[in-house]
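Just dropping this structure here.
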Amino acid sequence: MTRVSATRRAVCPGSFDPITMGHVDVLVRAAALYDEVVVAVLHNPAKSGTFTVEERIGFIESSLPESVSARVRVEAFAGRLLVDVCRDVGAEVIVKGLRGGTDFAYELPMALMNRHLTGVETVFLPGAPEFEHVSSSLVKEVARFGGDVAGLVPDIVHAALAERLATP
Ligand code: PNS
């Protein structure tokens, strides 16, 4: 008997303003667990971020290793509930990285709310210890005042942070 199994698709959501090496780690690991990964860049059109949505998408696409890029696609969504994004792209699961207890406290109510709304499950991956202190907001603050964030963000982001944020 031939068994036909459905594609298992996950959504990795976030602001990605900008993507960090912590994000890259989670995306690569999500791609190892699921057939397809949709990186959902969720943004509020009323708020201007540090980088435009197009820039964020470009940074993500060029930061993914070739080994996973065929199974990972990056899409932007504005003013939408994450559960609606999951339904529209046909994803059965949300994957998020957790850096520690503070992340868990922030993420748990959202995971429970999303499950309440549509039944979509959230899978948490423990963040890589070497990136536990890395967040988009912190790397921007450090870069703004001339600190070195090399190795904590992809090279393309490192260059863009220096160009966009560094004070002379
Ligand atoms: O990278 P971030 O900013 O921590 O990502 C948070 C994000 C965008 C994943 C979260 O705010 C979200 O899911 N926003 C979409 C709107 C929504 O569904 N809100 C209700 C969550 S229960």
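Whatever order the structure lists them in is the order used to number ligands and atoms, beginning at 1.
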So which heavy atom in the protein is nearest atom 18 (O) of ligand 1, and how far is it from that ligand atom? Leu82 N, 2.8 Å
For Arg71 against Tyr34, the heavy-atom pair lying closest together: NH1-O, 3.0 Å
Determine the minimum heavy-atom distance between Arg80 and Leu42, stating which atoms define it. O-CD2, 4.3 Å
Whether over 12 other heavy atoms sit under 6.0 Å from Glu130 CD: yes
Below 4.0 angstrom from a heavy atom of Asn114, which ligand 1 atoms are there? Numbered from 1 as shown, please. 22 (S)
Filtering Leu42, Asn44, Ile94 for the heavy atom nearest atom 12 (C) of ligand 1 leaves Leu42
Do Asp103 and Lys96 sit within salt-bridge range, that is, some charged N less than 4.0 Å from a carboxylate O? no
Which ligand 1 atoms are under 4.0 Å away from a heavy-atom of Met113? 22 (S)
Taking all non-hydrogen atoms of both residues into account, name the closest pair between Ser63 and Ile19 and its distance. OG-CG2, 4.0 Å
Using the six-membered ring wherever Trp is involved, compare the ring planes of Phe16 and His23 and label them parallel, tilted or perpendicular (cut-offs 30° and 60°). tilted
Quick test: of every protein heavy atom, which one is nearest to atom 15 (C) of ligand 1, and how far off is it to 0.1 Å? Arg80 O, 3.6 Å
Distance to 0.1 Å, residue and atom name: give those for the protein heavy atom nearest to atom 3 (O) of ligand 1. Ser15 OG, 2.6 Å
Does Lys96 come within less than 4.0 angstrom of ligand 1, counting non-hydrogen atoms of the residue? yes
Is the closest basic N to carboxylate O distance between Glu92 and Arg9 below 4.0 Å? no
Among all the protein's non-hydrogen atoms, which is closest to atom 5 (O) of ligand 1, and how far away is it? Gly14 CA, 3.6 Å
Nearest protein heavy atom with distance in Å, relative to atom 10 (C) of ligand 1: Met110 SD, 4.2 Å
Please state which protein non-hydrogen atom is closest to atom 20 (C) of ligand 1 and give its distance, to 0.1 Å? Leu81 CD2, 4.0 Å
Distance to 0.1 Å, residue and atom name: give those for the protein heavy atom nearest to atom 6 (C) of ligand 1. Tyr106 OH, 4.1 Å
